Asks: 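My questions all concern the structure below.
Just so you know, ligand 1 is whichever comes first in the structure, and atom 1 is the first atom listed for that ligand. Computed from a prediction, not measured in an experiment: that's the story for all the values here.
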Amino acid sequence: MKYYSTNKNTPEVSLKEAVVKGLAADNGLFMPERIEAFDPSFFENIQNLSFQEIAYEVALKFFGEDIEAQKLHEIVFDTLSFDCPLVKVDGNIYSLELFHGPTLAFKDVGARFMARLLNYFLGKKEKQVNVLVATSGDTGSAVANGFLGVEGIHVHVLYPKGKVSRIQEAQFTTLGQNITALEIDGTFDDCQHLVKTAFLDKELNEKLVLTSANSINVARFLPQAFYYFNAYARLKEAGILENRELVVAVPSGNFGNLTAGLIAAEMGLPIQQFIAANNENDVVFEYLKTGKYQPRPSVETIANAMDVGAPSNFARILDLYQHSHKLINEKIKGFRYSDGEIREVIDRVYSETGYLCDPHGACGFQALKEFLSGQQVGVFLETAHPAKFTETVEAVIGSGKVELPEKLAAFMRGTREVKSLPAEYEQFRVYLLGMCF
Ligand SMILES: *Cc1c(COP(=O)(O)O)cnc(C)c1O
């Protein structure tokens, strides 16, 4: 399968090139040349398949031409060593919990899948592949854990000193093996700048194989389609669907997760309506309303993984629907919530149902609450475990009520190992050159 750029100013590339390069040469995002629909019979029996089995069938549609079936099966089953269960929350509203992976957030799946694909394509190279990732918290932990122990690849996580929560930091500074945490004396923007400068450094790139694990990478983005198929299967298995329409609400920042859902629908998955749930970073909400797309700097909110002012995957949505505002408006409904509203939702849902939402999932829940009509079933993607946001959540429901899951507690007990660097390129460069030996 070939991959084209959403900017359409550069030749199509192979899957390998799309995964290794991340971004197209004309700065566009890669899209698969074909989106193959399933035969309707697949959906008649889907409830008999496990999450992992469904994911394998979906992965075959994307990657089956480029990776042998046996290998792809191994990659999918290794990536999905955990489930994403459906939990009833309130009436016809269900939570699809995507937070049962190693760092308790949905990015684990994409990160692990990408690690395995890079290893498949480059792992036998004589030279080690160096993945550079700048993080303000969550991306670094998902990538570090996804790539942990994957042969032939070393991950360098750059994070701003003192600006990442203790629990986030513990998730990428205690791993050891092929993961190095670099504490940069600067801001997140400084970290990003160091990484970008390294990618543009010709001499350095002759000596080292450098790549990114950016969320726009097709290997991180496409596997997110797995979730949507599983939501449908589990609803059907439980006999909940019975001729009712399915509405899925997606807490959105860069819109990778939602775009993967749109692709699942193009493959025939019967989802009637998508909802993009946003915090105050609402450029897509405004686009849906006005037809005008006006990116702007992000603002900080309590649902901080959605603090995105220029969502990169929006280019993919425009491409998927030929830039038609009308079509996009039919497929996606927009809702947005202030921090105050998010707190109110967490509080109300917890006291009325006992279900504890994280600040991102809360936006999805509330959007369904406002949107759903009688004959519909709603699923919101619960993108992170509430314990990842203990401070925010306990400030709402009372302190001491959020239990720290064992997975997070184990990170906190680990030994912290970091290398400190100033926010100066020359020293980062010297550090990277040290990797040649
Ligand atoms: C990354 C993230 C999101 C947003 O996902 P996108 O694919 O960027 O839209 C939502 N919630 C959590 C917890 C996240 O980590």
Asks: So, is A305 polar-close to ligand 1, with some N/O to N/O distance under 3.5 Å?
Replies: no
Asks: Please tell me if the side chains of E280 and R336 come closer than 4.5 Å, counting only heavy atoms from C-beta onward.
Replies: no
Asks: Answer yes or no: is there a donor N or O on one side and an acceptor on the other, between the side chain of N278 and the main chain of S252, under 3.5 Å?
Replies: yes
Asks: Mind checking whether F106 has a heavy atom under 4.0 Å from ligand 1?
Replies: yes
Asks: Going by the ring pair (Phe, Tyr, Trp, His ring centres under 6.0 Å) test, name the single residue among F255, Y321, Y293 that passes it with F314.
Replies: Y293
Asks: Would one find an N or O of A384, backbone or side chain, under 3.5 Å from an N or O of ligand 1?
Replies: no
Asks: Where is the nearest protein heavy atom to atom 8 (O) of ligand 1: which residue, which atom, and how far?
Replies: N254 N, 2.8 Å
Asks: Is there at least one pair of N or O atoms, one from N257 and one from ligand 1, spaced under 3.5 Å apart?
Replies: yes
Asks: Side chain or backbone, does A105 bring an N or O within less than 3.5 Å of an N or O on ligand 1?
Replies: no
Asks: Show the numbers, then the answer: is there a side-chain contact (heavy atoms from CB on, under 4.5 Å) between Y3 and S14?
Replies: CA-CA 6 Å; Y3 288 80; S14 64; over 6 Å; no
Asks: Can an N or O of H360 be found at a distance shorter than 3.5 Å from an N or O of ligand 1?
Replies: no
Asks: With respect to H360, which candidate in F99, F389, F106, F365 satisfies the ring pair (Phe, Tyr, Trp, His ring centres under 6.0 Å) definition?
Replies: F389
Asks: Ignoring angles and geometry beyond distance, decide whether T383 reaches within less than 3.5 Å of ligand 1 through its nitrogen or oxygen atoms.
Replies: yes
Asks: Just to check, does P251 reach to within less than 4.0 Å of ligand 1 when the distance is taken from its heavy atoms?
Replies: yes
Asks: For the pair Y425 and F428, name the ring-plane relationship: parallel under 30°, tilted 30 to 60°, perpendicular over 60°.
Replies: perpendicular
Asks: Could you check atom 4 (C) of ligand 1 against the protein and tell me its nearest heavy-atom contact, residue, atom and distance included?
Replies: G253 N, 3.5 Å
Asks: Using heavy-atom distances only, which candidate in Q224, M306, E382, K107 approaches atom 2 (C) of ligand 1 most closely?
Replies: K107
Asks: For F38 and F229, take the angle between the two ring planes, folded into 0 to 90°, and tell me which bin it lands in: parallel under 30, tilted 30 to 60, perpendicular over 60.
Replies: perpendicular
Asks: Any chance you could lay out the side-chain contact (heavy atoms from CB on, under 4.5 Å) test for Y287 and I328, step after step, and finish with the verdict?
Replies: CA-CA 10 Å; Y287 166 82; I328 294 171; 3.6 Å; yes
